[in-house]
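Because the structure is a prediction, the values reported are computed rather than measured. Below, chains carry the letters A, B, ... as their sequence lines are ordered, and counting in each starts from 1.
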Amino acid sequence: MTEPSKLPHHGVPEHQPVAGGIAARARATAGPQYLNGLNPEQREAVETLDGPVLVLAGAGTGKTRVLTTRIAHILSQGRARPQEILSVTFTNKAAREMKLRLGQMLGQAVEGMPWLGTFHSIGGRILRIHAELVQLKSNFTVLDVDDQVRLLKQLLQAENIDDKRWPARMLAGLIDSWKNRGLSPSQVPAGEAASFGNGKGGKIYATYQERLKILNAADFGDLLLENIRLFRENPDVLRQYQNRFKFILVDEYQDTNVAQYLWLRLLSQAPSRPGRSLADVIPGDLTSPRLRGEVGSQSDPGEGDSPQTVLVETPPHPDPLPASGESEQPALKNICCVGDDDQSIYGWRGAEVDNILRFDHDFPGAKVIRLERNYRSTGHILAAASHLIAHNEGRLGKTLRTEDVDGEKVTVTGSWDSEEEARAIGEELEELQRSGENLNNVAILVRASFQMREFEDRFVTLGLPYRVIGGPRFYERAEIRDALAYLRTINSPADDLAFERIVNVPKRGLGDATVQLLHDHARKRRIPLFEAARAVVETDELKPKARGSLRDLVMQFDRWRAQREVTSHTELAEIVLDESGYTEMWQKDRSADAAGRLDNLKELVRSMEEFENLQGFLEHISLVMDRDGEAGDEAVSLMTLHSAKGLEFDNVFLPGWEEGLFPSQRTLDEQGRAGLEEERRLAHVGLTRARRRAKIYFATNRRIHGTWSTTIPSRFLDELPAHNVEITESKGGSGWGGSGGYGASRFDNLESFGSSYSTPGWQRAQANRNRGGGGRSGGFEERQSSFTSSDSFSRTKRGPMVIEGELVAKSTGTTSEFSLDDRVFHQKFGYGHVVKIDGNKLTIAFEKAGEKKVVDSFVERA
DNA sequence: CATCTGGTTATTTTT
DNA sequence: TAACCAGATG
């Protein structure tokens with residue numbers, strides 16, 4: 001996998017200089033080679049091997065480097081063998097990155113690090129080994145959200161719950177959040193359990209778990225939660241892992257949820273003696289005030305289930321030695337958590353910032369090391385980001401500093417509306433391009449994905465290459481899941497969810513009625529759906545058409561299963577996709593993304609090659625598949641702030657800094673101050689992605705859900721230090737009558753922002769504004785009327801704008817190879833025909849997307 | 001059983 | 001506005 005032949009230099013982060021002059025260099029020569037170039041704090045983080053360590057690693061301070069070097073250090077010091085180190089990350093990408101860097105550092109393949117991976121993949125691996133102890137078989141299926149929802153829908157129907165009022169999706173989210181908090185069905189506080197489906201929510205959660213066992217399946221949450229249950233109910237198993245892992249390393253600790261925290265806690269205790277119970281393993285103190293408050297406060301004190309003890313679950317067998325167990329504080333393992341509280345942006349998904357804030361409480365005697373030397377951004381950018389994040393209260397506090405030059409100031413640009421914003425950024429991008437900047441060094445980071453559309457439209461007209469990062473992950477795409485469902489059905493005939501998914505895809509005339517019949521049969525005879533299908537085909541319960549169709553399908557699957565013995569799994573996949581008519585279905589589909597879907601299917605089959613057999617492939621696919629590729633050609637990256645975490649670019653554009661959008665009104669409404677702080681961290685993450693240039697934008701008018709509304713510049717703008725910020729004029733905005741005046745008044749407004757944030761009146765002004773903002777849950781749209789009138793105004797403005805776009809296009813001077821009425825295909829918009837030609841600039845009427853202006857190199861003849 | 005139509009609802013997203 | 005889904009229609 002990781003080739004030892006990789007260039008040794010490749011993995012060295014960025015442009016980190018050899019730290020701090022003579023002293024450091026002298027010391028560096030003293031230690032082993034791999035310690036060279038670490039600054040003193042990094043070095044301390046690497047060399048402090050004993051006891052709990054928390055490394056607070058600010059943005060761009062060499063976090064991954066510390067983590068990998070620490071592993072190298074442990075190995076080279078002979079403190080542990082590779083298989084004795086547990087090293088967890090959140091994403092596959094991070095795990096891959098670590099493997100890669102480690103391989104380079106050690107000059108060796110890292111196959112010997114079997115326990116380096118994501119929480120979920122490691123949890124899943126442990127679970128497969130001991131599957132029978134949690135009522136599963138080791139080849140259990142990992143369900144995706146789709147499967148979960150489908151299953152829950154069935155359960156809701158069985159309970160006669162109106163799924164209009166109580167959507168399955170909502171329950172899926174609820175169950176997921178319970179699992180994130182480490183709560184099994186019996187542990188969910190009664191009040192919460194009753195909050196869904198007329199009090200039946202908790203019951204359905206329990207039934208859902210039972211159904212999962214019958215289906216031999218686990219959802220993502222189970223990979224951790226069932227793991228925790230495994231450990232709690234089987235102390236000997238837990239002990240085995242406690243013994244094995246001499247060192248534990250955790251990446252992105254600020255993103256851990258309660259379940260992950262509990263899992264880590266269990267593993268990080270020194271192994272207890274055999275015969276002792278859970279009380280040893282989980283000291284009562286584990287239920288920290290935070291957890292107790294969270295779990296306990298939400299249920300009635302009088303409930304029989306005693307929610308307070310939830311986290312110290314009663315073991316299956318009563319503790320034989322409770323008294324002595326309590327007083328002992330079991331020794332803690334050598335656990336090292338790396339994270340940055342200022343980059344915690346996944347609170348809404350269950351991450352507990354508190355985990356990192358309370359680290360030294362949870363792990364007494366922990367050593368806390370701060371990495372504050374930033375090797376990424378220039379001075380002004382770093383100062384702006386630091387100043388901004390300093391407005392947060394719930395943080396451990398770090399001050400990033402750099403030895404780099406001040407560089408360019410952060411710019412703030414106001415525009416009339418979001419369209420002008422996109423235009424302004426488009427022009428800046430062209431300017432960058434002209435000045436020889438590689439577009440791979442440029443990113444546009446938005447708060448919400450709907451903002452991307454405007455940029456895409458603009459870039460398409462400009463012919464500016466861009467790529468969208470994020471969006472649905474590879475294995476989440478419908479075509480991939482369909483293909484997987486076929487393979488799952490072949491592999492395990494009892495996988496009802498998979499069979500149900502593809503029974504009528506492509507259309508075979510087997511609709512709801514047929515499926516319902518199969519369900520009835522299956523339930524009555526307690527057999528899987530597939531077997532029910534086989535049986536039903538023998539009866540005359542179905543209409544001849546459906547019956548024949550179903551018989552064919554059953555026979556096909558029988559044939560494929562037989563073929564499995566004599567064919568490689570990749571070949572089998574091709575055969576299945578072909579014979580089932582699935583490939584054909586997409587070939588016939590004329591929509592824009594059909595071609596892409598076919599590509600994805602090919603990619604899926606190709607990726608199967610890396611696995612031994614079908615079984616192995618299916619076990620890992622849901623955990624390991626992610627889109628990665630896309631390295632490809634030079635292009636501007638377009639993504640959300642969330643998906644930008646961990647990345648860096650020379651030039652970063654940050655549009656949409658407006659109240660309501662950023663910070664998001666919804667977050668503010670739902671999470672209050674905590675929500676605001678998380679939004680602010682998001683802003684901090686955005687700014688710190690930039691190496692050399694950070695450019696912020698806000699628009700005065702934005703269309704939200706189809707209606708125009710006036711917006712106020714984001715409060716985060718007021719929180720930027722005036723000294724490091726420059727107000728610039730929107731380039732796209734200059735030159736129109738009317739808008740200049742508006743722009744100027746905007747700037748008046750802005751003029752005050754720099755100096756006002758620190759003035760005494762600032763707080764009050766801010767409060768006023770907030771009140772105005774808070775009270776306008778409808779106010780966001782309220783101004784609409786005043787802007788319907790301005791709509792005609794802006795429409796007249798659109799005239800010159802379009803011409804401008806054409807001028808840019810004309811300047812390229814080439815004549816198009818297309819002619820009027822040509823039928824063409826565009827990657828994004830699909831099929832259409834040419835209605836106008838202007839140099840290399842085409843106007844195309846798309847079948848689906850309507851009329852668009854597109855540069856000819858972006859379309860091909862259809 | 002497939003297709004059409006109207007009502008509804010709008011972040012962020014590993015695994 | 002637009003995209004998605006559920007129920008009514010052919």
Side-chain angles (χ1 to χ4, degrees), chain A residues 88-95 117-124 142-145 148-149 153 162-164 167-169 173 176 179-180 218-225 251-252 255-257 259-260 344-351 445-454 469-476 504 506-516 542-543 545-546 549 620-627 639-646 656 660-671 675 678-679 681-683 685-686 702-708 780-781 848-850:
Chain A
V88 279
T89 63
F90 267 83
T91 63
N92 292 307
K93 197 173 151 206
T118 64
F119 276 100
H120 293 269
S121 67
I122 290 173
V142 178
L143 299 188
D144 58 52
V145 194
Q148 281 180 65
V149 170
K153 238 176 212 162
D162 177 15
D163 67 347
K164 195 105 185 190
R169 214 156 256 296
D176 194 51
K179 288 184 176 180
N180 283 160
D219 62 23
F220 277 111
D222 281 343
L223 296 180
L224 283 158
L225 191 57
D251 191 18
E252 305 277 19
D255 285 339
T256 50
N257 59 34
Q260 285 154 343
S344 164
I345 54 176
Y346 284 108
W348 49 273
R349 218 178 45 193
L445 311 181
V446 297
R447 175 72 231 301
S449 44
F450 72 78
Q451 292 172 262
M452 290 186 192
R453 211 187 136 154
E454 215 125 19
I469 314 272
R473 262 167 304 294
F474 186 74
Y475 74 90
E476 263 174 26
N504 201 31
K507 301 245 185 298
R508 299 190 174 87
L510 303 171
D512 289 346
T514 311
V515 173
Q516 196 50 51
L542 282 173
K543 292 200 192 106
K545 219 167 134 200
S549 194
H620 289 281
I621 189 65
S622 54
L623 298 176
V624 165
M625 269 303 242
D626 54 5
R627 129 278 313 310
M639 69 189 96
T640 64
L641 286 161
H642 281 92
S643 39
K645 194 170 78 156
L661 177 60
F662 190 37
S664 140
Q665 189 58 50
R666 188 154 162 186
T667 301
L668 259 38
D669 290 344
E670 287 169 10
Q671 318 280 340
E678 182 153 312
E679 294 283 303
R681 290 193 289 266
L682 207 43
V685 166
R702 192 172 289 274
R703 202 158 59 168
I704 292 171
H705 309 329
T707 50
W708 285 97
F780 214 63
E781 287 115 70
K848 294 259 161 62

Exercise. Taking CD from A/E476 and P from B/dT13, how many angstroms apart are they, rounded to a whole number?
Worked result: 11 Å

Exercise. Which whole-number value in Å describes the distance from A/N92 CG to B/dT15 P?
Worked result: 5 Å

For this session: Assign A/E252 to base, sugar-phosphate, or nothing according to its heavy-atom contacts below 4.0 angstrom with the strands shown.
Result: nothing

For this session: Rounded to the nearest angstrom, tell me the gap between atom CD in A/Q516 and atom C1' in B/dC1.
Result: 15 Å

For this session: Using heavy atoms to find the nearest nucleotide of DNA chain B for A/V515 and A/S622 separately, return the residue whose nucleotide is more 5′.
Result: A/V515

Exercise. When all nucleic acid strands are considered with a 4.0 Å heavy-atom cut-off, which category describes A/S664: base, sugar-phosphate, or nothing?
Worked result: base

Seminar exercise, completed: Testing C/dA2, B/dC1, B/dT13 for proximity to the side chain of A/T514, the answer is B/dC1

Exercise. Would A/Y346 pass as stacked on B/dT12, i.e. its ring centre under 5.5 Å from the base's six-membered ring centre and planes under 30° apart?
Worked result: no

For this session: Look at the side-chain N and O atoms of A/T640 and state whether any lies under 4.0 Å from the OP1 or OP2 oxygen of B/dT13.
Result: yes

Exercise. Counting distance only, does the side-chain N/O of A/N92 pair as donor-acceptor with the main-chain N or O of A/L623 below 3.5 Å?
Worked result: yes

For this session: Give the rounded distance in Å between these two atoms: CZ of A/R702 and P of C/dT1.
Result: 18 Å

Problem set entry | Nearest-Å distance for atom pair CZ/P, residues A/F220 and B/dT13 | 16 Å

Seminar exercise, completed: Considering only heavy side-chain atoms of A/K153, the closest of B/dC1, C/dA6, B/dT15 is C/dA6

Exercise. Checking all strands, does A/Q260 fall into the base, sugar-phosphate, or nothing category for heavy-atom contacts under 4.0 angstrom?
Worked result: nothing

For this session: Among the candidates B/dT12, B/dT15, B/dT13, find the nucleotide nearest to the side-chain atoms of A/R349.
Result: B/dT13

Exercise. When the nearest nucleotide of DNA chain B is assigned to A/A513 and to A/L641 on a heavy-atom basis, which residue is associated with the more 5' position?
Worked result: A/A513

Exercise. Which pair of heavy atoms, one from A/F119 and one from A/T256, lies closest together, and at what distance?
Worked result: CZ-CG2, 3.7 Å

Shorter than 3.5 Å, N or O on both sides, protein versus nucleotides 2-10 of chain B: list them out with atom names.
residue, atom, partner, partner atom, Å
B/dA2, OP1, A/G509, N, 3.4

Exercise. Contact class for A/D512 (heavy atom, under 4.0 Å): base, sugar-phosphate, or nothing?
Worked result: sugar-phosphate

Problem set entry | A/E678 side-chain N/O to A/G675 backbone N/O, donor-acceptor pair under 3.5 Å | no

For this session: Measure from OH on A/Y475 to P on B/dT15 and round the result to the nearest Å.
Result: 6 Å

Exercise. If you look at every strand shown and take non-hydrogen atoms under 4.0 Å, does A/A546 touch a base, only sugar-phosphate, or nothing?
Worked result: nothing

Problem set entry | Protein-nucleotide distance (A/R703, atom CZ; C/dA2, atom C1'), rounded to Å | 10 Å

Exercise. Between A/R681 and A/S344, is there a donor-acceptor pair closer than 3.5 Å when you use the side chain of the first and the backbone of the second?
Worked result: yes

Exercise. Rounding to the closest angstrom, what is the interatomic distance between C/dA3 and B/dT12 at atom P?
Worked result: 15 Å

For this session: Determine the sole option in A/L445, A/V685, A/I345 for which the side-chain contact (heavy atoms from CB on, under 4.5 Å) test with A/L641 is passed.
Result: A/L445

Exercise. Hey, does the side chain of A/S449 come within less than 4.0 Å of B/dT12's phosphate (OP1/OP2), counting only N and O?
Worked result: yes

For this session: For the pair A/W348 and A/H642, name the ring-plane relationship: parallel under 30°, tilted 30 to 60°, perpendicular over 60°.
Result: perpendicular

For this session: Please tell me if the side chains of A/R447 and A/E679 come closer than 4.5 Å, counting only heavy atoms from C-beta onward.
Result: yes

Exercise. Would you say A/N504's side chain and A/G509's backbone share a donor-acceptor pair under 3.5 angstrom?
Worked result: yes

Exercise. Atom NZ of A/K645 to atom C1' of B/dT15: distance rounded to whole Å?
Worked result: 14 Å

